[in-house]
Chemist: 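Sharing a structure with you now.
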Amino acid sequence: MDKKELLELGVVEEGKPKKPTPRLPRREIACQDPKERIKNFNEVALGYTLKDAVYEAMRCLECSKPRCVVACPVHIDIPSFIGLIARGKFEEACEDIRKYNSLPAVCGRVCPQENLCEAACIINDTNPKNPIAIGRLERFAADYLLSQENGNENKIEIRHKTPFKVAVIGSGPTGLTCAAELAKMGHTVHLFEALHKPGGVMMYGIPEFRLPKEIVQKEINYVRSLGVNIETNCIIGKTIPVSDIMNEFDAIYIGTGAGFPNMMHIPGENFAGIYSANEFLTRVNLMRAYEFPKSSTPIRKPKKGVVVGAGFTAFDVVRIMLRLGADEAEIVYRRTRKEMPGRGEEIEHSQEEGAKIRELTNPVRFIGDENGFVKAVEVQRMELGEPDSSGRRRPVPVPDSNYIIDTDLVVIAIGQTPNVLIPSALKNLSTRWGSVINVNRETYMTSVPKVFAGGDAITGAATVILAIRAAKEASRGIDEFLKDPQKKWYPQAFSEKK
Amino acid sequence: MELFENFLKTNKEDDVKREFEKALNLEFDLKLTLQDVLNSISHFNSEDNFPYKSGIFLSAFAFKRNCDDVLKVENGIEIDYFGSFLKSNQITVKGDLGNFTGAFLDGGTLLIEGSIGDKGGYSMNKGKIWIKGKAGNHLCHFMRGGDVLVDKNALDFVGNSMVGGTIEIKGSSGYSLGYRMVGGEIEVKDLSWDLIGEEMVGGKITVRGHIGKELCQNMVGGIVFLNEEYKDTPKGKTSGGKVVFMNFRKR
Amino acid sequence: MFEIVSKKILAENVVEMTIKAERVAKAHKPGQFLILMNYEHSERIPLTIADSDKEKGEVTIVFLVVGFSTNELATNFNVGDKLYSVVGPLGTPTHIENFGKVVVIGGGLGVAPIYPICKGLKEAGNEVISIVGFRSKNLMFWVQRIESVSSRIIVTTDDGSYGMKGFVTNALQKLYDEKEKIDRVIAIGPPIMMKNVSKMTLPWGIPTFVSLNTIMVDGTGMCGGCRLEIGGETKFVCVDGPDFDGHKVNWDEMEIRMKVYKNQEQQILEEHNCKIGLR
C-alpha cells in the first residue's frame with residue numbers, strides 16, 4: 001500500500017507522535033442483516049475495514065502500564081500491536097500477536113473479550129462501556145495477514161534445533177498452541193488427531209457463521225509451517241497403542257479436550273430426534289450437513305426445535321436450527337437470563353435472529369410418537385433459591401407446575417466432560433470426577449512421568465483462550481523437562497538449608 | 001575470553017548453587033569491570049547455554065569483585081540468573097534481563113532500568129530489587145525476605161508460595177496473586193486479575209484497583225485488602241483468613 | 001495412504017474390499033470396526049473389520065450396498081483409488097478366552113465379521129460351531145473361509161436353496177435339541193436376527209453376546225449418536241461396545257434409532273438418481 005493511501009486512512013506518519021482519541025465512541029462492527037443471515041451459514045460479523053481499524057486503533061492510549069495485557073490470559077502485548085495498526089503496519093501487527101498467540105484469527109472471533117482485556121481497559125474509567133475493541137482489532141490484523149500471499153507462513157527463523165521429539169495428542173486450540181510453541185523452541189513435534197481434519201473444537205464445535213472453517217485451516221497451515229507434523233485419522237490408544245508412543249517420544253502432551261457429552265438421564269432420552277449438542281454440531285459443522293445432499297451426512301431438519309441449556313453451545317445450536325429452516329427454536333434454561341453463561345454478543349445475535357428463551361424451566365420427560373420419534377417434552381417450572389458455592393442462585397422446582405412443549409427436535413447442550421479414551425488407556429494416570437486429568441499446576445506434568453496435559457482435559461469444558469494459556473505454560477514445563485529430565489526441577493532442587 | 005569459553009563448555013550441573021560455586025573458583029581478572037566482562041563474552045550469545053552460564057558467570061565475578069557497578073545490556077543479549085547469590089554489591093543494569101533475575105539474592109541492591117523475564121527474585125532471602133520496567137511470570141516465587149519494587153506491570157503468579165519480604169507493584173498484576181502464600185506482604189497499586197489469594201495461609205495482600213474473578217478460593221489464613229468498589233465480586237469457599245473491602249483514597 | 005488393493009463382488013450388493021491402512025491393520029483385534037470416508041464431504045461410514053493382514057498392512061471389509069454412501073463406495077472406487085480417510089480400529093475388542101464350546105452365528109452381512117472372531121476363538125482353544133445364514137444360495141459368500149476356522153459349520157438359507165431351510169434360529173434350536181452343551185453364543189447380523197437369538201437363549205441361560213452397528217459420527221465417544229439403553233443404562237456403542245450382552249440390549253430402541261435418517265437417505269438417493277437420469 002502506498003503512503004498516500006495510508007495517510008487517507010488517517011494513520012500516524014512515521015516520526016510523528018500519536019494523538020489518541022479515547023473520547024470518541026467505539027466503532028461498531030458491520031454485521032449481516034438478521035433477516036438475510038438466517039438463510040445462510042456465512043459469517044455474521046463482517047469485520048473491520050481498513051478505515052474502521054485505523055479509527056479504532058487511534059483511540060488507544062498505548063499506556064505504559066497496560067491493564068489489558070495482564071488481563072489477557074496469554075499476555076499479548078496489546079498496545080504494541082494496536083500501535084502498529086495505527087501506524088499503518090498491518091502485517092507487522094499480526095506478526096507481533098503471533099509471538100504470544102499462534103491462533104489470532106480464531107481468538108479475535110471467539111474470545112470473550114468483554115470479560116477479559118476489554119473489561120480491564122483503562123478507557124472504561126473515563127468513557128464507560130467504550131473500551132478499545134481489542135478483539136475486533138486482533139481479528140482485523142489476523143485477517144489482513146491471512147489474506148496476503150504467504151500470510152499463513154512462518155517468517156521467524158527457528159534458532160536452536162534440539163534432538164527431542166514430542167507427541168501432542170489432539171489438534172484443538174491447546175494442542176495446536178502447544179505444538180507451535182514447542183516447534184518454536186526447536187523440538188520436533190508430531191501432532192495426532194482422531195478425526196479426518198485437524199482443528200478439534202474449532203472444526204466440529206464452533207459453527208461456520210461464527211468461525212469460518214477456511215480461517216481455521218489457514219491458522220493450522222501457519223502451525224504446519226513451523227515444522228509441526230500433523231497426522232490425522234490417528235487415535236492414540238486405538239490406532240497407535242499408548243506404549244508405542246511412550247517409547248518413541250521424549251514427552252507427551254495430552255490436549256484431548258472435553259468431548260464427552262453430558263446427558264440428562266431422564267425418561268425418553270433415547271428417542272430418535274434427540275441429539276447431544278456434540279452430535280448436532282459435528283454433523284452440521286465438521287460434516288457440513290447443512291449442505292446436504294451436496295455433502296452426504298444427513299441431519300433432521302426441525303420445524304420447532306428445543307435446546308436444553310444456555311451456554312455458548314446452546315446458542316450456537318439454536319442459531320443453527322433457525323438456519324436449517326426451523327419455524328421456531330427456543331432455549332429452555334432452568335435459571336434466568338442473568339445467570340446465563342453464554343456470551344453477551346451471542347445472546348443478542350440469537351435474539352435478533354428470532355430465537356426464544358424460556359427461563360426457569362427444566363425438562364423432566366421426553367414424549368415420543370408411535371414411531372419412536374420425539375414429539376413433545378414435559379417441563380417443570382423452577383424458581384431461584386439460595387446461592388450455591390459458585391455464587392449462582394440454585395434453581396428449585398415448583399411443585400405441580402408441569403406442562404408440555406411440542407417439538408420435533410431436541411438438542412441437549414448441558415456441558416461436556418473430557419473423553420475417557422486416554423485416561424483409560426494410560427495406567428496410573430491420576431484423574432478426578434472420572435475423566436478430568438490432574439496435573440502439577442506449575443509444570444503441567446501428570447502423575448505419569450513425561451506425560452503432560454492441558455486445556456479442557458484438565459479443567460473440564462472452558463474457553464479457547466484458557467486452553468491456549470494452559471498450552472503455553474505447559475510448553476514451558478515440557479521444555480524445562482526435556483532439557484533436564486533428571487533434575488527435580490521444582491522446588492526441592494534449589495533448597496539450601498541455612 | 002577463554003575463561004568463559006571453558007565454563008560454557010562444562011556440563012550443566014543439576015544445582016544452580018553448585019554451578020555458582022564452580023564459577024567462584026575461576027581466576028577472574030578483578031581489575032576489569034562488569035561491563036568489560038560482558039563485552040568480551042557477548043559474542044557467544046548464539047550458543048545454547050549462554051543465558052544460563054553467562055548470568056552465573058557475571059554474578060560470580062561481581063560477587064568476587066564486591067564493588068558497586070553499572071552494566072549496560074544491549075537488546076538481544078539474553079542473560080538468566082543475573083545477580084543470583086549476591087550479598088552486598090549495588091548493581092545498576094541498563095537494559096532487559098532474562099529469567100531468574102536476582103534468584104537467591106542474599107543482600108545488596110539490584111536496580112534494573114528495563115524489564116525482566118520469568119521467576120525474578122526466585123527464592124530470594126535479603127536485599128532489594130527495583131525493576132523500572134515490567135516483570136514476567138512467577139515473580140518472587142518462594143521469596144523469603146527482602147524487598148521487590150516493580151514500576152510497571154508484573155504478569156502471573158506473583159508471590160507464589162512466598163514466606164516473607166515485601167513486593168510492591170505500581171502497575172497491575174496478572175492471574176494468581178499470592179497463591180499458597182505463607183507470609184510477607186504484596187501490594188498492587190492498580191488492577192489484579194483472577195485468582196487472588198488462592199489457598200493463602202498467611203501474610204497480607206493489598207489490591208487498590210480493579211479485580212477479576214475467583215477471589216480467595218480455599219483460603220486458610222492471612223488478610224486481603226480490596227477496593228470496596230468491587231464488593232459484589234463472589235468469594236470462593238474459605239476456611240479462615242480475612243477479606244476486607246476498604247475505601248482507598250484516590251491519589 | 002488408504003489405497004484400495006482389491007475389490008470383489010461377493011454376491012448381489014455385497015462387496016469385499018481390501019484397503020491399505022498399516023496402522024489400523026497392525027492394531028486390529030477381533031470385533032473392532034473402522035470408519036471410512038469416500039471423499040472430503042462424505043459421510044463417515046462405520047464398518048466392521050472382517051480380516052486384517054498385519055504384515056502387508058491391509059484390512060478387509062465387507063459391506064452391503066444399502067444407502068447412498070455405500071453405493072458411492074461400491075461404484076466409484078476401484079483398485080488403485082484412494083479413500084479420503086480410514087480411521088480405526090475402534091471399539092472394544094471381543095472378549096476372547098477359552099470358554100469351551102462356542103456357537104458363533106452370522107446372518108447375511110454378519111458372516112464377514114465373525115471370521116476374525118472364529119479365528120481368535122479357535123486359537124484360544126475353543127470348539128467353534130458356526131451357523132451362517134443367508135436369504136438364498138446366490139447371496140452366499142465366505143462359507144469356506146468360515147469353515148476353515150470352525151470345527152463344525154451349519155449353513156441355512158431362508159428359501160432352502162442351500163443347506164438347511166430356515167433361519168439361523170432354527171439351526172440354533174436344532175443344536176440345543178441335539179443336547180450340545182453350549183457355553184457361549186456370539187451373534188452378528190441384522191438387529192432382528194440378533195434380537196431373536198437373544199430371546200431364544202435367555203430361557204436356556206446361555207451367555208449371548210451381540211455386536212451392534214448403530215448410527216455413528218465420530219466413533220470415539222464424542223457425539224453420543226450411537227447411544228443405546230443396555231441393561232437400564234445409557235451406553236455408547238462406539239466406546240463401550242460394539243459387543244454387548246444380548247439379553248440386556250433394549251432392542252425396540254435399537255430399531256427406532258436405526259430409522260432416524262430414513263427420509264434423508266431416500267432424498268439423497270432420489271436426487272442422485274435424478275442427476276443420473278439427466279446425463
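Just so it is clear: chains get the letters A, B, ... in the order the sequence lines come, proteins before strands, and each one is counted from 1.
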Chemist: Does atom NZ (C:Lys54) have a neighbourhood of more than 12 heavy atoms from anything else shown, all under 6.0 Å?
Modeler: yes
Chemist: To the nearest 0.5 angstrom, please state how far the CE atom of A:Met264 sits from the OG1 atom of C:Thr234.
Modeler: 12.5 Å
Chemist: I'd like to know whether NZ of C:Lys248 has more than 12 heavy-atom contacts from other residues, nucleotides or ligands below 6.0 angstrom.
Modeler: no
Chemist: More than 12 heavy atoms of other residues, nucleotides or ligands under 6.0 Å from CD of C:Glu3: is that the case?
Modeler: yes
Chemist: Which region of C:Leu228, side chain (C-beta onward) or backbone (N, CA, C, O), has a non-hydrogen atom less than 4.5 Å from a non-hydrogen atom of chain A, or is it both or neither?
Modeler: backbone
Chemist: Output the residues of residues 218-225 of chain C for which the shortest heavy-atom distance to chain A is under 4.5 Å, in residue-number order; output 'none' if no such residue exists.
Modeler: C:Asp218, C:Thr220, C:Gly221, C:Met222, C:Cys223, C:Gly224, C:Gly225
Chemist: Please classify the contact between C:Ser69 and chain A as side chain, backbone, both or neither, with a heavy-atom cut-off of under 4.5 Å.
Modeler: side chain
Chemist: Listing request: all salt bridge (charged side-chain N to carboxylate O under 4.0 Å, His left out) pairs with a residue in residues 193-208 of chain A, at least two apart in sequence or in separate chains.
Modeler: A:Lys197-C:Glu40, A:Glu208-A:Arg288
Chemist: Quick check for you: among A:Thr297, A:Thr239, A:Asn270, which has the greatest number of heavy-atom pairs under 4.5 Å with chain C?
Modeler: A:Asn270
Chemist: Is chain A contacted by the side chain of C:Glu253, its backbone, both, or neither, given a heavy-atom distance below 4.5 Å?
Modeler: side chain
Chemist: Can you check whether C:Phe236 reaches A:Pro261 side chain to side chain, under 4.5 Å on heavy atoms?
Modeler: yes
Chemist: Are more than 12 heavy atoms from other residues, nucleotides or ligands located less than 6.0 Å from atom CD of C:Glu55?
Modeler: no
Chemist: Any side-chain heavy atom of C:Val239 sitting closer than 4.5 Å to one from A:Val420?
Modeler: no
Chemist: Can you tell which of A:Ala258, A:Gly372, A:Gly259 has the highest number of heavy-atom pairs within less than 4.5 Å of chain C?
Modeler: A:Gly259
Chemist: If you count the non-hydrogen atoms of other residues, nucleotides and ligands that lie under 6.0 Å from NZ in C:Lys29, is the total more than 12?
Modeler: no
Chemist: Of all of A:Met287, A:His265, A:Gln416, A:Lys301, which one pairs up most often with chain C through heavy atoms under 4.5 Å apart?
Modeler: A:Met287
Chemist: Under the salt bridge (charged side-chain N to carboxylate O under 4.0 Å, His left out) rule, what pairs show up with a residue in residues 271-282 of chain A, not counting sequence neighbours?
Modeler: A:Glu279-A:Arg283
Chemist: Pick one of side chain, backbone, both or neither for A:Tyr204, based on which atoms fall under 4.5 Å of a heavy atom in chain C.
Modeler: side chain
Chemist: What part of C:Lys26 gets within 4.5 angstrom of chain A, counting heavy atoms only: side chain, backbone, both, or neither?
Modeler: side chain
Chemist: Output the distance between atom CG (A:Leu195) and atom CZ (C:Arg44), rounded to the nearest 0.5 Å.
Modeler: 5.0 Å
Chemist: Test of understanding: with salt bridge (charged side-chain N to carboxylate O under 4.0 Å, His left out), list the residues that count as partners of C:Glu43, not counting sequence neighbours.
Modeler: none
Chemist: How about NZ on A:Lys375, more than 12 heavy atoms from neighbouring residues, nucleotides or ligands closer than 6.0 Å, or not?
Modeler: no
Chemist: With only heavy atoms counted, which part of A:Ile274 is less than 4.5 Å from chain C, the side chain, the backbone, both or neither?
Modeler: both
Chemist: Given the options C:Phe2, C:Tyr84, C:Tyr39, which has more heavy-atom pairs under 4.5 Å with chain A than any of the others?
Modeler: C:Tyr84
Chemist: I'd like to check A:Ile240 versus C:Arg23 (side-chain heavy atoms, cut-off strictly below 4.5 Å). Are they in contact?
Modeler: yes
Chemist: Let's test your reading of the structure: which of C:Glu255, C:Arg227, C:Arg257 forms the most heavy-atom pairs below 4.5 Å with chain A?
Modeler: C:Arg227
